[in-house]
Each structure stands twice: as structure tokens, then as C-alpha cells.
Amino acid sequence: MMAAAALSVLGSVGTMLSGISQANAQAKGARAEAKSIEEQAAFQEGQSRRQSRMLIGKQVASGAASGVDITSGSPLFMELDSVRQSELEALNIRHQGALGSASKKFEARMAKAKIPGIIMGGVAQAGGAAAAGMSAGGAGGGGSVLGNWSSGSRPSGPWVSR
């Protein structure tokens, strides 16, 4: 019976360690995804700005080629509006990346937050298996003090008061 209890305790510990390992892997994966989202957003932000600069440059060149004064009036206001809109788009891309990254980082923290519960559950399960093994061992006459105590058999001797 004690061997079965020992195996049960070992199984509980193994399950606990597996749960901890799984939570750590989940957290690591979520952090890697967060980094990937940040990098992708930074790239897209840069691409957006690059495309906007090219478009604005094309508009300026087109206006200048047609003989219009591009330094005042409507052409200037259109260029300024284009610059403002392109910057808003780039900042929106950055913001969306930050939100996605924050979500994955939160997911990583939640995975790590599971570990104390996994440990407590494993300890409780192992303790229950050990206690069950001790009480089963005590039923046969010998066994442990806890097994003897729970089965009604009380220790005797001069140091035990009754």
C-alpha cells in the first residue's frame, strides 16, 4: 500500500511540474507574439510613412510641373492636409500594434499567475495521496502514527496522557 501511495505522490508531483512547464511555455509564447506584433506594427508604420511621402512628393511635383504656385493657397493646404492624414494613419498603425502587444503581454502574465494555483493543487493532491497511503498502511496494525491515530489505535507509553 505504501508503494502505491508513493507512486500516487510522484504522479501528483509530475502533474504539478507538467502544469508549471505548460504555463511557462504559454507565457513565453505570448511574449514572443507580443514582440512580433510590435515589430510588425513598427514596419507597417514605417511603410505607411514612406508611401505617404512618395504620394505627397508626387502631388508637389505635379502641381509644380503645371505651373501652379505650390507654396500658397489651396495646393499648400492640400499638402498640409495630406501630411496630417498620413501621420494620423501611421499613428493609428502604431496604436493598433501597441494594443495587440499589450493583449499578448497580459496573456503571458495570466499564464504565469496560474503557477501558484498549480503548485497548491499539486501539493494538496500529493498530501492527500500521502495521507491516504498512511491511513491504508495503518489499518494493518503497524503503519504510521497518522494511520494509527486515524484508525482509532492510540499510542501508549509513559509520555502519552490519557
Side-chain angles (χ1 to χ4, degrees), residues 1-137 144 146 150:
M1 275 301 190
M2 282 300 228
L7 287 176
S8 183
V9 168
L10 285 176
S12 299
V13 170
T15 301
M16 178 182 65
L17 293 176
S18 174
I20 291 170
S21 177
Q22 184 179 11
N24 280 328
Q26 185 179 6
K28 184 178 180 180
R31 283 191 303 272
E33 282 185 66
K35 184 176 180 176
S36 175
I37 289 170
E38 289 170 358
E39 289 171 354
Q40 183 180 12
F43 176 76
Q44 288 176 344
E45 179 183 353
Q47 287 298 99
S48 175
R49 286 197 171 107
R50 180 180 169 274
Q51 288 172 350
S52 295
R53 282 192 308 267
M54 289 174 56
L55 179 63
I56 292 167
K58 185 177 178 182
Q59 289 172 349
V60 168
S62 209
S66 68
V68 174
D69 181 14
I70 58 168
T71 60
S72 65
S74 294
L76 178 62
F77 289 125
M78 286 178 59
E79 181 182 346
L80 291 174
D81 188 54
S82 293
V83 168
R84 185 176 63 92
Q85 284 302 105
S86 64
E87 184 60 19
L88 286 174
E89 183 180 329
L91 291 175
N92 186 45
I93 291 169
R94 179 189 298 177
H95 179 69
Q96 292 301 318
L99 288 176
S101 175
S103 172
K104 289 299 176 179
K105 287 176 180 177
F106 179 75
E107 188 178 309
R109 285 191 307 274
M110 289 298 100
K112 288 293 238 181
K114 292 179 189 176
I115 292 175
I118 292 169
I119 292 171
M120 293 302 292
V123 168
Q125 188 177 11
M134 284 187 226
S135 65
S144 69
L146 178 61
S150 64

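The pair Arg49-Glu87 counts as a salt bridge, with a side-chain nitrogen and a carboxylate oxygen less than 4.0 angstrom apart.
Shortest non-hydrogen contact noted between Ala41 and Gly97 is CB-CA, 3.5 Å. Nearest heavy atoms, Ala111 versus Ala27: CB-N, 3.8 Å. Residues Ala90 and Glu45 share a closest heavy-atom pair of O-CG, 3.6 Å.
Here CZ of Phe77 is found 12.5 Å from CZ of Arg84. Values are rounded to the nearest 0.5 Å. Interatomic distance, Gln44 CD to Glu89 CD, rounded to the nearest 0.5 Å: 10.5 Å. Here the CZ atom belonging to Phe106 is positioned 8.5 Å from the OG atom belonging to Ser103, to the nearest 0.5 angstrom.
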Would you check, one step at a time, whether the test side-chain contact (heavy atoms from CB on, under 4.5 Å) holds for Leu76 with Asp69? CA-CA 9 Å; Leu76 178 62; Asp69 181 14; over 6 Å; no
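Applying the side-chain contact (heavy atoms from CB on, under 4.5 Å) criterion to Gln85, with sequence neighbours excluded, gives Asp81, Leu88. Taking the side-chain contact (heavy atoms from CB on, under 4.5 Å) definition, one finds that Glu39 meets it with Lys35, sequence neighbours left out. Take Ser8 and apply the side-chain contact (heavy atoms from CB on, under 4.5 Å) test, not counting sequence neighbours, and it matches Ala129.
Sparse packing is recorded around CE of Met120, with 12 or fewer heavy atoms of other residues, nucleotides or ligands lying under 6.0 Å away.
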Under 3.5 Å, sequence neighbours excluded: what are the donor-acceptor pairs made by side chains of residues 15-22?
unit_1 : atom_1 : unit_2 : atom_2 : d
Thr15  : OG1    : Gly11  : O      : 2.9

Mind listing the side-chain donor-acceptor pairs of residues 52-68 below 3.5 Å, one per line with the distance, residues two or more places apart or on another chain?
unit_1 : atom_1 : unit_2 : atom_2 : d
Ser52  : OG     : Ser48  : O      : 3.0
Gln59  : OE1    : Ser82  : OG     : 3.4
Ser66  : OG     : Gly63  : O      : 2.9

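Applying the salt bridge (charged side-chain N to carboxylate O under 4.0 Å, His left out) test to every pair with at least one member in residues 107-124, sequence neighbours left out, gives these pairs: Lys104-Glu107.
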